[in-house]
Each structure stands twice: as structure tokens, then as C-alpha cells.
2 protein chains.
Amino acid sequence: MGYTEQDLLEHLKEISLLNETMGLAHWDMTTGMPDKANEQRGEMIAYLSGLSYELNFGEKMTNLMTYFEDKTSELSELGQSAYEVAKRAFDLNYKIDKESFLGFQKTLTSAHADWVTSRETKDFNDFKDSLTRLIDYTKQFIPLWKKDEATPYDVLLNQYEPGMTVEKLDEVFATVRKGIMEIRAKIEAEGKTPQTNFLYRHVSKAEQREFAEKVIADLGYDLSRGRLDDTIHPYELTLNQNDVRITTRWAEEDFQMAILGTIHEAGHGLYEQNINPEFAYTPLANGASMGIHESQSLFNELVMAGSQNFWKRQYPVLQEITGDTFKDIEFETFYRGLKQTRASLIRIEADSLTYPLHIIIRYEIEKMIFNDGVAIEDLPKIWNDKYEEYLGIRPENDLEGILQDSHWSGGSFGYFPSYALGYMYAAQLEHAMNKDLDVQAILASDDYSAIIEWNKHHIHQYGASKKPNWLIEQATGESLNPTYLIEFLKNMYYAAYQITDNN
Amino acid sequence: MGYTEQDLLEHLKEISLLNETMGLAHWDMTTGMPDKANEQRGEMIAYLSGLSYELNFGEKMTNLMTYFEDKTSELSELGQSAYEVAKRAFDLNYKIDKESFLGFQKTLTSAHADWVTSRETKDFNDFKDSLTRLIDYTKQFIPLWKKDEATPYDVLLNQYEPGMTVEKLDEVFATVRKGIMEIRAKIEAEGKTPQTNFLYRHVSKAEQREFAEKVIADLGYDLSRGRLDDTIHPYELTLNQNDVRITTRWAEEDFQMAILGTIHEAGHGLYEQNINPEFAYTPLANGASMGIHESQSLFNELVMAGSQNFWKRQYPVLQEITGDTFKDIEFETFYRGLKQTRASLIRIEADSLTYPLHIIIRYEIEKMIFNDGVAIEDLPKIWNDKYEEYLGIRPENDLEGILQDSHWSGGSFGYFPSYALGYMYAAQLEHAMNKDLDVQAILASDDYSAIIEWNKHHIHQYGASKKPNWLIEQATGESLNPTYLIEFLKNMYYAAYQITDNN
């Protein structure tokens, strides 16, 4: 039986519309669904997941993916791109026999429950067996997923960052680790610690929201094609290009959390809002990878909202919205306070300087699991030893250590490096942008559009039609280079800690 | 091929879950979806509607409906009820050939557009052709829908109020019309007009919401199994029994609109929250009819929030929430102001006394269309003449007249009487309730639960498993009797207009 491009695109559109529906159900569940409707929502999502499985791996999809395998030349450029991205997702699962697939899904459910329990007991032993089963399943799937990757862990990396390798990450993470350790040592020896107590002054949720909405609009996030809601674990979720939702968690005694969190999520949103509209209803209407996606959220958080010039303009706005709250805090004190850095045990609470170290620890451990066959029961000790080595602090229990993140209980191995890639990409993009634009001058002005357009032109518009490395080379003239991140962090933190000898 | 009850219930559950999904998409679209996402949401809803059509009228459903037609004895009591209700909905459409069905759907779209245009031009002529086509389609469908109804319009009535007839409605509406005309004449002649200017004092949305949420909670609406959102055209929408959402429109210079509107919608919500949980995921988990549903929203609005005793307790709460706004308004002045009645042209702005007349006018016109073949171009004049006859005022243009409601442009003929049935049922229920309870004493207390339980016991729990007439006879000991409404309106309005001679 033959198919046309129209057949392919119509099927991909159905998948896209069903994804949108499931996205709405998820958004609603995590923003304002009545408390007692959890069980019923589970039924709805299970029903939609069944439809989704059929669309993604059923007969029609299998036929389409098989038919075009050696006939991509029959497709337009867009059709070819869409097919390629769809095929990548299809290949991930269709080779897995249904029994294993369902077994894995079932293990995910019990693993999540065990992870929650283990967090209560603060004891890794309560999670160990589930984690072992998830790892065993993943090891069983890796040969089915493998194309030409050099090691098992490379296969996992590829799922989140197409084209990324252990060889490359080993190299760049060595540079990042060394660079950050040096900056931290210099701050320790020579830095002037900023004042920070004012960061915990009360700022009402309404005031925070007013300021956050203004800032993200300045940063290009279009609220007429999105919305900002309250949730517990903040995220960005795209229903479609004209409906890109972000969420945040407000803490009235720690305003910077929600402000910077909202700016971060708005970076994800900005990316999704600016993807080429012609990609609508195809898998191209997504980010290129998790790492590229983080590059855009972190560009907002690190480059834009990390800049003194940015805050010189925005701090007076915050002061005006918050009445007398920060009346006695001068700009320099405010900015330096924001840039405080210190070792911490919990990744999601880490500052920008120490954050990449948290990621490197997880990367090294994941690599040991999949490439070196480390014993699972040894992981907590390895984790704690690495925190002591890299950050100089040691978790007192597993909740402060290996149990803190949900990723592994969700079967996501190879995801963590994306966060650090986002940091490196963001700094590398900023460096390249400075060849075309005076980034700091723009940040000091009241119109950021030249920066936004640059990112739109070099990254956003392409959606998932290009691979991460292509995007980075095209935008910056070279492939991933971690030295820009180190330079960026040096400049930012040495200024905040008033270290003038920038070497 | 044979089927089991399990097969039937599983299929009905799929329909129910898909309805829930479509409900969520609709709720989101009308409460907070980004402005620019309309077109995309249209695509999503069209996709889901396609799935819904297949589930409701496709091969599987046809087989199930056919198989059990003479085998309902194989089903449990619940299975039989669910089959019967499902079959009723199925029969409405499956006899219609696909060409006519699609033609009707297409006409609906253009009719809505023409109706919107005609409202701008205030000229019925711009809507006339579309309306004629919708009426012609409906006339073509009536013989396919017909079972043993006496007249064509009876067939339409039956779709919204199973068992209702023109014969019955002619009789009860004659009583209602006569009764209301008499009350209005007496008020005109002897009534003392209440003070009403304070009704337009500014009450902030936040204050209105605080009061409304407190009142609807008192009235039994469970906010942990529902939520209250802002919208343009208020409605109640059930996703499932634990997720029953209501919406309202706030006007800060006309607080009673949102307060009474919210109380009304909460009555619909209360009904849905209290349906027997065993009916979940079947078509029994719905109201029995549009008329019975309105009986519950109007019970809240008319009996509960129409009562002096209710407001004696709630007015001080409103006063406290609104600061000094109503400090100078004594209770009696406040209550009498709420009960103001006067002829108006727009149904949805009408007070409780004149509202049924608006419905009777529509009923008489619909009956003329389907039973007497009146010429469509004559309708505006007929409409205006009837307003002059029944309400003493005449629309100056078609927007104030025949173009005001969306029902006909949506192809809903036979729906309007439900509103008036709701009034009559509500008053009849109140009368019957007084045999078991001292309704006014309960309304004067701080615990309305005995009233709520009575409605739950006699109406709510049954969902759609019983027909309207069964419910009313069981709850009140007789079938629909309009005299209770007239008595109720007399008592309420004569008190408000200080007419002591209650005859």
C-alpha cells in the first residue's frame, strides 16, 4: 500500500492534537483541578494514553514509518524533516516487545511510589530494588535503541541530546569542573561576601506577579499567546504555538525564587512561541533537544537576568511595585545579593556557579551505572563522596543526597547532562551574539528586541528541524565549547564579589 | 456476535471519558485560554469531535445498541438504565443519513456566523435564510425521531424533557401566564416600589467572590470537588462527579448579577455532585432533563436566595465583607430592592416574576413554526406583538427582540420551555418539602443541610436513571402543577411590594 506526504502529515497532526489534549489535562491537573478529582483524572489520562499508544506505535504509524523509510525523496523538505524526527521517536519504542514495555510502565509506577516512601524514610534501601529494576530494563532496551553509539551510556545521552557523546562530555565537563573549582577557590580567598538578608523580606504574591509579568513581557514572552499560573513544580508546557503556558511557585519570603523561576520558564516559552509556524502540527514544532531548550531558559536567567545592566533598569521597577520594601537597599547591594554563591546539597536550590557541579556528579554516576556496571548499593556512598570532593559538603542522609531528584524514578537516565549543556550553550550563544550586537548596551536600554530576534533567528525558528550541534555551529561558528561558560561565570561572580584581578 | 454488560459499560466509559476531555477543552477555552489560541483550539475540538462521533455512532456502538435491543433482560438494573439512556441519544442521530447530518452541521456553522452578523445589523433578514434552513433540516429529522408523539413539536420537546407534551404545556402555561399577569396587575395597582439605587454601588470582584464562595458553600456546593471561574456567559460544566465546575461573570457596579448567577450555577453543580457515585462513567451520571436541572439551579436562586430568612442571615455577612458599602441600607430595604420587578425586553436580564412570560412567548412561537407552519419572515412581528401583549413593551429593533438568544442559531428548538419547567418544578418541590420540613425555619438557621439532603434524596441521587415525571411525582406526590409557582411568586412579590391583601 502506498502513502502520500498528506497521509503522513495528517497522521502526525492527529498525534499532535492528541498530545495537545493530554498536555491540557496535565496542565489543569497541576494548576487548579479540584483536590478530590485525582483518581478521575488518572482515568482520563489512561484513556488518552491508550489512544496515544495506538497513534504512535499502531498499525497505521508502523506502515507510514516503514513505507517512507527508503522513500524520503518523495517528501518535501518539511516532510522529510518531520519524518526524520517522528521516526527517531518511533524507533525508540517500537522494537520493544509489548510485554517488556508494559512491564517497564508498571515498574515506573511502583518505582515512583517506592521513591516517595524512601524520601520519607530518608533511606536509599527503600528505593534500591525499584531502581535496580528500572536500570535492568534500560540495559535491556539499550541494544534495541543502539545505532552507532560507542558506549551504552552514549545511547541514553542521544535520546535527549541527539549527537552528544561520552567522549565529548568527558572533555567539556573536565574543563567546566576545573574552571568552576578555580573560581570558587578565588572567591573563597579574595571575595567580599555580599549582603543578602534583604532577599528574605516579605513581597506579596500580587506584587511578585505584577513584576514578573512585566519582566517576562519585556523579555519577549507573549502573554496573549500564553499564560502564567501557580503550581508546585514549575514548568513550561506547550499546547500549540499560540498557547504556550508557564507556571511558577511563589514564596512571599523568598521573592527571587519565583521571579527568576518565571524568567527561566519564560525562556522556554519564548523558544516555543517563535518556532516557524509552518511546523505546526508536526513533531518539528518542538525544541531541538533538552539541552537546546535549557540554553534558552538559561539565556533568560543567566545572560539577561544575570546582568547588572538588566537589573539597573528593572530594580527601580521592582522597588516601585513593592512600595517601601527595598527603599533602603541600594542597587549595588541588591545586585550583589542576587549573585550570592555557596555550596549546597540540593540541585534545584543551587546558584548558577555551583549548579553545573551538581550535574557533573550525576553524569559521572550515570556513566558508572551503564558503562562500568557499578553496584547499585554503592551509589549513596559514591554520591556523598563526590559532593564532598566537588562541593566540600556531605549529605547527612539520602534525602539530602541521592534521593533528591525524581528523574531516575521516572526512568530518565541520560537527561541530567542537558541542564549543564544549557549553561554552556547559553554562554556560547552570548559570546557569539556579541560579535553582532552590543549585548550589555541593549540590556541597559528599554528594548531587548535585538537580542530576542538574534535568538529567534539562530535558534527558535528551527524548532526540532535541526540537530543541536548544527544549531550551535551555525549560531556560534564552532561546536560546543565550555570555555565561554567559565569566562561568563568569572566575569559575573568576580564583579559581584568585587574581585578586580580577573585571572 | 455477542456482547456482555461489561462490553457495554466499557464502551460507555470511553464515551464518558472523551466527553470529559471535550468538556475540559471547552471550559479552558471559555475561562482563561490565551486570546490568540482560538483557531488551534478549534482544531483540537474538531479532532475530538471526530473521535466522539465514531464512539457514539460508529460500528461498535451500533452493534452494542442493536444487540441489546431485545436482550435488556441480560443486563443488571444499572446496565438496563444506562442502555436505555444511551439508546435514546443514539436513536436521535443514527437514523439520519450522513449527508444530511454533515449538511446540518455545516449549516449550524454558517447560521451562527449569520446570527452574529444580524445582531450587528439588528436586522432579522440577515439571519432569516439560515434559520429557515435549520428549521427545514429539523422538520426533515422530526419523522425520523418520532416515536408516539402527537405533534411535530412534541418530538422536539421530548428531546429536552422526556415525556413532556404540547397538551400539558398549553395547559400549564395558560395557568402561569394568567397568574403572573394578575400578580403584575396587582403590583402595578397597589404595590410600593422598592428602593433600588444601592444595588449599583461598587462592590469589588474580590469582595463579591469572597461572599459568593461562602454562600455557595453554605448551600452545599463542595469547592473541593469543583471550582469557580470567570467567564463571559456563565455555565456549570461537569467533568466528573468530583470535578464539577461553575463559572460566573462579575460586574462591579451590579453585584447581584454575579451573586445570584453564582448561586444559580451552584444549584446545577450541587445536583451533579450528588448523583449516585455508582453511575460514574455511564450516561446516568447526568441530570434527568434540562427542566429538572433548572429546577435545582432555580431552587437555589428562587427558594433559597429568594427568601427573606435566607438574606436575614446572609446580608450581615455581605455587609461585613463589603466594609461600609451597605452600612446605611437596612435589611428590609436591601431585601425589597433585590425583589424589584419590571417588564424588560431581554430574557437573561429578566426578574423571576416576568421571566416565565419570556419563555411562554418563545414556546408559542416555536409551536407555530413546527405545528402550524408559520411564515418565517413574519416571526419578528409576531415576537414584538407578543411582547407588547404579555409585557406591555415593544422591542425597537430585532436585536432587542427575536435576535437576542443563541438557541435557534444552535439548532436548539424545544429547549426554551425547560427554563419555565424549572420554575414550576422548583416551586412544586418547595411546597412538597414543607410537608417534611419547616423550610423557612431552616433558611433562618445556619445549617441548610436538611433542605440539601431532601433534594439529594428526592432528585439528585437518581441522575438520569429516572424520567422527569417519575421524579416529580415521587418527590411531590403529583405530576407537574403550575399553581405552586403562582402561589410562591405571589407570596414573595406581595411581601416585597408590601401588598397585604394576598388575593
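Keep in mind that this is a model prediction, so the values were computed, not measured. Lettering follows sequence order; numbering is per chain, from 1.
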Enquirer: Picking from A:Pro34, A:Gly32, A:Ala25, which has the most non-hydrogen pairs under 4.5 angstrom with chain B?
Expert: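 The candidate making the most pairs under 4.5 Å is A:Pro34.
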
Enquirer: Find the one option among B:Glu43, B:Glu39, B:Arg225 whose heavy-atom pairs under 4.5 Å with chain A are most numerous.
Expert: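 Of the candidates given, the most pairs with chain A belong to B:Glu43.
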
Enquirer: Counting only heavy atoms closer than 4.5 Å, note whether A:Asn38 contacts chain B via side chain, backbone, both or neither.
Expert: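 Neither part.
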
Enquirer: Pick one of side chain, backbone, both or neither for B:Asp222, based on which atoms fall under 4.5 Å of a heavy atom in chain A.
Expert: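 Looking at B:Asp222, just its side chain touches chain A.
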
Enquirer: Look at atom NZ of B:Lys60 and say whether more than 12 heavy atoms of other residues, nucleotides or ligands are closer to it than 6.0 Å.
Expert: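 Yes, the 6.0 Å shell around NZ holds more than 12 heavy atoms from other groups.
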
Enquirer: Any chance NZ of A:Lys214 has more than 12 other-residue heavy atoms, nucleotides or ligands included, within less than 6.0 Å?
Expert: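 Counting other residues, nucleotides and ligands, NZ of A:Lys214 exceeds 12 neighbours.
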
Enquirer: If you round to the nearest 0.5 Å, how far is OH of A:Tyr47 from CD of B:Glu20?
Expert: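 Rounded to the nearest 0.5 Å, the CD-OH separation comes to 11.5 Å.
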
Enquirer: Less than 4.5 Å to any heavy atom of chain A: does that hold for the side chain of B:Gln241, its backbone, both, or neither?
Expert: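 Neither the backbone nor the side chain of B:Gln241 comes within 4.5 Å of chain A.
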
Enquirer: Can you tell me how far CG of B:Leu18 sits from CG of A:Leu51, rounded to the nearest 0.5 angstrom?
Expert: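 One gets 7.5 Å once the value is rounded to the nearest 0.5 Å.
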
Enquirer: Can you establish whether the number of heavy atoms outside A:Glu253 located under 6.0 Å from its atom CD is more than 12?
Expert: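 Enclosed.
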
Enquirer: Applying the side-chain contact (heavy atoms from CB on, under 4.5 Å) test to A:Arg41, which of B:Asn242, B:Leu24, B:Asn240 qualifies?
Expert: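 Per the side-chain contact (heavy atoms from CB on, under 4.5 Å) rule, the option paired with A:Arg41 is B:Leu24, out of B:Asn242, B:Leu24, B:Asn240.
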
Enquirer: Taking every non-hydrogen pair under 4.5 Å, which of A:Ala46, A:Gly226, A:Ala280, A:Gly50 racks up the most with chain B?
Expert: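 It is A:Gly226.
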
Enquirer: Report the distance from atom CG of B:Asp28 to atom CZ of A:Arg245, rounding to the nearest 0.5 Å.
Expert: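 So the gap between those two atoms works out to 4.0 Å.
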
Enquirer: Can you tell me if CD on B:Glu320 sees more than 12 non-hydrogen neighbours from other groups inside 6.0 Å?
Expert: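 At most 12 heavy atoms, drawn from other residues, nucleotides or ligands, come within 6.0 Å of this atom.
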
Enquirer: Does A:Glu278 have more than 12 heavy atoms from other residues, nucleotides or ligands lying within 6.0 Å of its CD?
Expert: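 At most 12 heavy atoms, drawn from other residues, nucleotides or ligands, come within 6.0 Å of this atom.
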
Enquirer: Contact part of B:Met33 toward chain A, heavy-atom cut-off under 4.5 Å: side chain, backbone, both or neither?
Expert: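 Backbone plus side chain of B:Met33, per the 4.5 Å heavy-atom cut-off to chain A.
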
Enquirer: Tell me which of these, A:Leu239, A:Asp35, A:Thr21, has more heavy-atom pairs under 4.5 Å with chain B than the rest.
Expert: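 The residue among A:Leu239, A:Asp35, A:Thr21 with the greatest pair count is A:Thr21.
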
